[in-house]
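Remarks on the structure that follows.
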Amino acid sequence: MNMSIYRHQLSRRGILAGAAAVGLTGTLAACGGSDDDSGSGKSSGPVKLTYWAWAPNMDKVAAIWNKKNPDITVTVSKQAAGKDIVSKLITAKKAGNAPDLIQVEYQSLPTLVSNDVLADISKYAKSAKSQFAEGLWGMVTLGTDAVYAIPQDSGPLMFFYREDLFKKHNLTVPATWDDFAKTARAAKKAVPDAYLTTFSANDPGLFAGLAQQAGAKWWTVGDGGKWTVGIDDAATKKVTDFWGGLVQEGAIDNQPMYTPAWSSALNKGTHLGWVSAVWAPGVLISSAPDTKGKWRMAPLPQWSAGEDVTGSWGGSSTGVSTDSKHAEAAAKFATWLNTDAEALAALVKEVSIYPAATKGQSGSVLTAPAFFPNQTDFYDTAAKIAATTAASAWGPNVQVAYDTFSDAFGKASKAKKSAQFDTALASMQSATFTDMKKQGFKVTEA
């Protein structure tokens with residue numbers, strides 16, 4: 001299967017063509033990329049690199065590198081995540097003092113590339129491709145011959161369910177989405193005050209991952225740099241109609257995730273399952289502490305029997321900025337950080353990530369989550385699922401699409417009207433297209 005996320009092979013020039021800054025602002029960066037004015041990307045003496053990252057304890061992993069590489073030392077600067085770091089990076093780039101290294105969420109890559117923040121490090125890091133699943137590697141190349149970052153962690157989607165309650169109520173673990181709907185109805189019939197799960201509009205990442213699994217291509221771009229916005233494509237409409245129908249029917253709940261009420265539903269068992277990602281055990285520990293040993297993980301339901309593909313929710317990479325005068329050294333660290341066995345083990349232990357590198361997804365360092373003592377093969381199963389991750393098609397104004405999702409789908413789920421779900425999707429399409437046009441991109445609609 002061709003995992004390229006765009007319809008054509010592109011050049012960096014093609015991605016940048018017609019792109020104006022996407023209107024993000026932030027606090028001016030306090031520290032620049034480096035002190036070498038050669039601009040060659042190479043260094044003749046000791047190198048000092050700055051790494052902006054939000055993940056906890058990343059400095060402890062960098063310390064391992066620094067001890068072994070005294071000529072290339074990395075200082076980690078803790079940053080806020082999400083759109084905050086994106087806006088701050090664009091501001092820093094405008095001032096010419098972006099850091100050497102950047103922790104970048106996959107969906108933010110096109111925004112940073114179109115604002116000329118991320119360097120193409122293919123001549124230093126292209127050999128790392130073999131360390132990652134094809135879909136994940138496609139997320140950092142944007143379907144081009146360039147390499148804009150090294151994958152760091154991934155969030156393959158899975159289905160988590162209360163094994164005890166499924167057995168008690170004779171419920172079937174769904175293999176397809178049709179099965180999922182049947183199980184939702186059966187759960188509601190067996191336990192009238194409970195639901196299989198909820199549709200939540202307060203985290204667009206899950207919806208994006210579900211659309212990704214279905215084959216959605218929200219943004220594509222041609223050789224001339226002309227973008228196409230297709231958020232309301234057939235794949236996403238299928239996902240929208242499915243979840244909107246279940247909400248209207250009352251077969252699933254419509255409350256947002258991460259609230260006290262949601263945590264209570266998980267803890268009490270009035271939510272019997274959760275479509276989530278590999279990092280879900282960490283959330284369940286705090287949200288449903290009384291349910292330890294009662295959950296189990298299974299592959300995400302498929303749209304057709306026999307298929308084997310998942311989407312992703314979250315995940316980040318390590319990029320090198322165009323301001324760095326030590327691009328080769330920075331790329332060397334980024335590659336080590338995300339492919340070296342010792343570094344991967346440290347990322348798991350200290351940073352609590354699920355590595356993107358295939359070899360980091362198994363081994364003694366990834367012991368089954370303590371919250372899942374009944375599923376000792378948790379990470380063996382997760383690795384098989386992760387290998388089936390579809391590539392995403394992200395664009396330069398993801399935040400606009402995400403903000404519109406939260407607003408429009410939030411209203412639709414509250415109203416419990418399937419038709420309003422369709423209207424919400426149309427709003428995402430319209431807002432995203434209009435914003436790109438306003439910002440000066442060459443853009444059309446699918």
Side-chain angles (χ1 to χ4, degrees), residues 155-200 206-207 209-214 238-239 242-243 245-247 249-253 257 262 265-285 287-288 290-313 354 361 368-390:
L157 289 177
M158 306 161 179
F159 177 57
F160 295 82
Y161 64 98
R162 283 285 299 272
E163 185 178 29
D164 58 330
L165 297 179
F166 265 56
K167 288 180 179 178
K168 178 180 179 180
H169 300 298
N170 198 28
L171 300 174
T172 302
V173 178
T176 67
W177 287 113
D178 282 343
D179 294 339
F180 185 91
K182 293 174 183 176
T183 300
R185 296 177 186 118
K188 192 65 184 165
K189 184 177 181 180
V191 193
D193 64 341
Y195 297 93
L196 177 60
T197 190
T198 189
F199 178 88
S200 172
L206 175 55
F207 181 77
L210 292 170
Q212 174 189 350
Q213 183 213 22
K238 179 168 63 175
V239 174
F242 178 81
W243 289 93
L246 288 178
V247 168
E249 182 183 334
I252 63 171
D253 203 353
M257 297 179 291
W262 177 77
L266 290 174
N267 201 44
K268 292 191 302 182
T270 52
H271 279 184
L272 283 65
W274 184 27
V275 177
S276 189
V278 67
W279 41 258
V283 177
L284 293 173
I285 288 172
S287 294
D290 298 338
T291 63
K292 180 179 179 180
K294 298 179 180 180
W295 291 87
R296 197 168 183 87
M297 177 266 286
L300 195 66
Q302 302 294 305
W303 284 104
S304 297
E307 289 183 346
D308 190 13
V309 62
T310 193
S312 59
W313 183 6
Y354 182 70
Q361 295 173 353
F371 208 73
F372 282 65
N374 55 320
Q375 193 168 12
T376 57
D377 64 345
F378 183 96
Y379 283 116
D380 291 333
T381 301
K384 294 175 183 177
I385 295 171
T388 70
T389 303

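Atoms considered below: every heavy atom in the structure, side chains included; atoms not considered: hydrogens, waters and symmetry mates.
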Exercise. Report the distance from atom CG of Asp253 to atom OG1 of Thr197, rounding to the nearest 0.5 Å.
Key: 8.5 Å
Quiz item: Has the side chain of Gln375 got a donor or acceptor atom that lies under 3.5 Å from a matching backbone atom of Ala368?
Solution: no
Practice problem: Examine distances only and state if a side-chain atom of Thr310 and a backbone atom of Leu157 form a donor-acceptor pair shorter than 3.5 Å. | Solution: yes
Quiz item: With side chains defined as the heavy atoms from C-beta onward, is the minimum distance between Ser200 and Phe207 less than 4.5 Å?
Solution: no
Quiz item: At their closest point, which heavy atom of Ala214 faces which heavy atom of Val239, and how far apart are they?
Solution: CB-CG2, 3.8 Å
Quiz prompt | Sub-4.5 Å side-chain heavy-atom contact between Phe378 and Val278 | solution = yes
Quiz item: Would you call the rings of Phe160 and Trp274 parallel, tilted or perpendicular if under 30° counts as parallel and over 60° as perpendicular?
Solution: tilted
Quiz prompt | Heavy atoms of other groups near Lys292 NZ, more than 12 under 6.0 Å | solution = no
Quiz prompt | Residues that Glu307 engages under salt bridge (charged side-chain N to carboxylate O under 4.0 Å, His left out), provided they are two or more places apart | solution = none
Quiz item: Roughly how far apart are Asp178 CG and Thr183 OG1, rounded to 0.5 Å?
Solution: 10.5 Å
Quiz prompt | Nearest non-hydrogen partners of Ala370 and Pro373, listed with the distance | solution = O-CD, 3.2 Å
Quiz item: Would a distance-only check, ignoring hydrogens and angles, find a side-chain to backbone donor-acceptor pair under 3.5 Å from Asn267 to Ser287?
Solution: no
Quiz item: Measuring from Gln361:CD to Tyr354:OH, what's the distance to the nearest 0.5 Å?
Solution: 3.5 Å
Quiz item: Side chain of Gln213, backbone of Pro301: donor and acceptor closer than 3.5 Å?
Solution: yes
Quiz item: Quick one: does Thr176's side chain have a donor or acceptor within less than 3.5 Å of a partner on Ala305's backbone?
Solution: no
Exercise. Kindly assign one of parallel, tilted or perpendicular to the pair Trp313 and Trp279, based on the angle between their ring planes and the thresholds 30° and 60°.
Key: perpendicular
Practice problem: Please tell me if the side chains of Ile385 and Met297 come closer than 4.5 Å, counting only heavy atoms from C-beta onward. | Solution: yes
Quiz item: Aromatic rings Trp303 and Phe242: how do their planes relate, parallel, tilted or perpendicular, breaks at 30° and 60°?
Solution: perpendicular
Quiz prompt | Pairs flagged by salt bridge (charged side-chain N to carboxylate O under 4.0 Å, His left out) wherever residues 165-176 is involved - sequence neighbours left out | solution = Glu163-Lys167
Self-check item: Min side-chain heavy-atom separation Leu300-Val275 under 4.5 Å
Solution: yes
Self-check item: Distance (rounded to the nearest 0.5 Å) between Gln212 CD and Thr389 OG1
Solution: 7.0 Å
Exercise. Before giving the answer on side-chain contact (heavy atoms from CB on, under 4.5 Å), spell out for Gln302 and Val309 the whole-Å C-alpha distance, their side-chain angles and the decisive distance to 0.1 Å.
Key: CA-CA 7 Å; Gln302 302 294 305; Val309 62; 3.4 Å; yes
Practice problem: Let me know which of Tyr161, Tyr195, Phe166 forms a side chain to side chain contact (heavy atoms under 4.5 Å, CB included) with Leu272. | Solution: Phe166
Quiz prompt | Pairs touching residues 376-389 that satisfy salt bridge (charged side-chain N to carboxylate O under 4.0 Å, His left out), sequence neighbours left out | solution = none
Quiz item: If you look at every heavy atom in Arg296 and Asn374, which pair is closest and at what distance?
Solution: NH1-O, 3.0 Å
Quiz item: What's the spacing between Leu165 CG and Leu171 CG if we round to 0.5 Å?
Solution: 8.5 Å
Practice problem: For Thr198 and Trp243, work out which heavy atoms get closest and say how close. | Solution: O-CZ3, 4.3 Å
Quiz item: With side chains defined as the heavy atoms from C-beta onward, is the minimum distance between Arg185 and Leu246 less than 4.5 Å?
Solution: yes
Quiz item: For the atom pair CH2 (Trp295) and CG (Leu284), what is the distance rounded to the nearest 0.5 Å?
Solution: 5.5 Å
Quiz item: Hey, is NZ on Lys294 packed in by over 12 heavy atoms from elsewhere, all under 6.0 Å?
Solution: yes
Quiz item: What are the two closest non-hydrogen atoms of Ile252 and Ala184, and how far apart are they?
Solution: CG2-CB, 4.1 Å
Quiz item: So Phe180 and Trp177, would you call those rings parallel, tilted or perpendicular, with 30° and 60° as cut-offs?
Solution: perpendicular
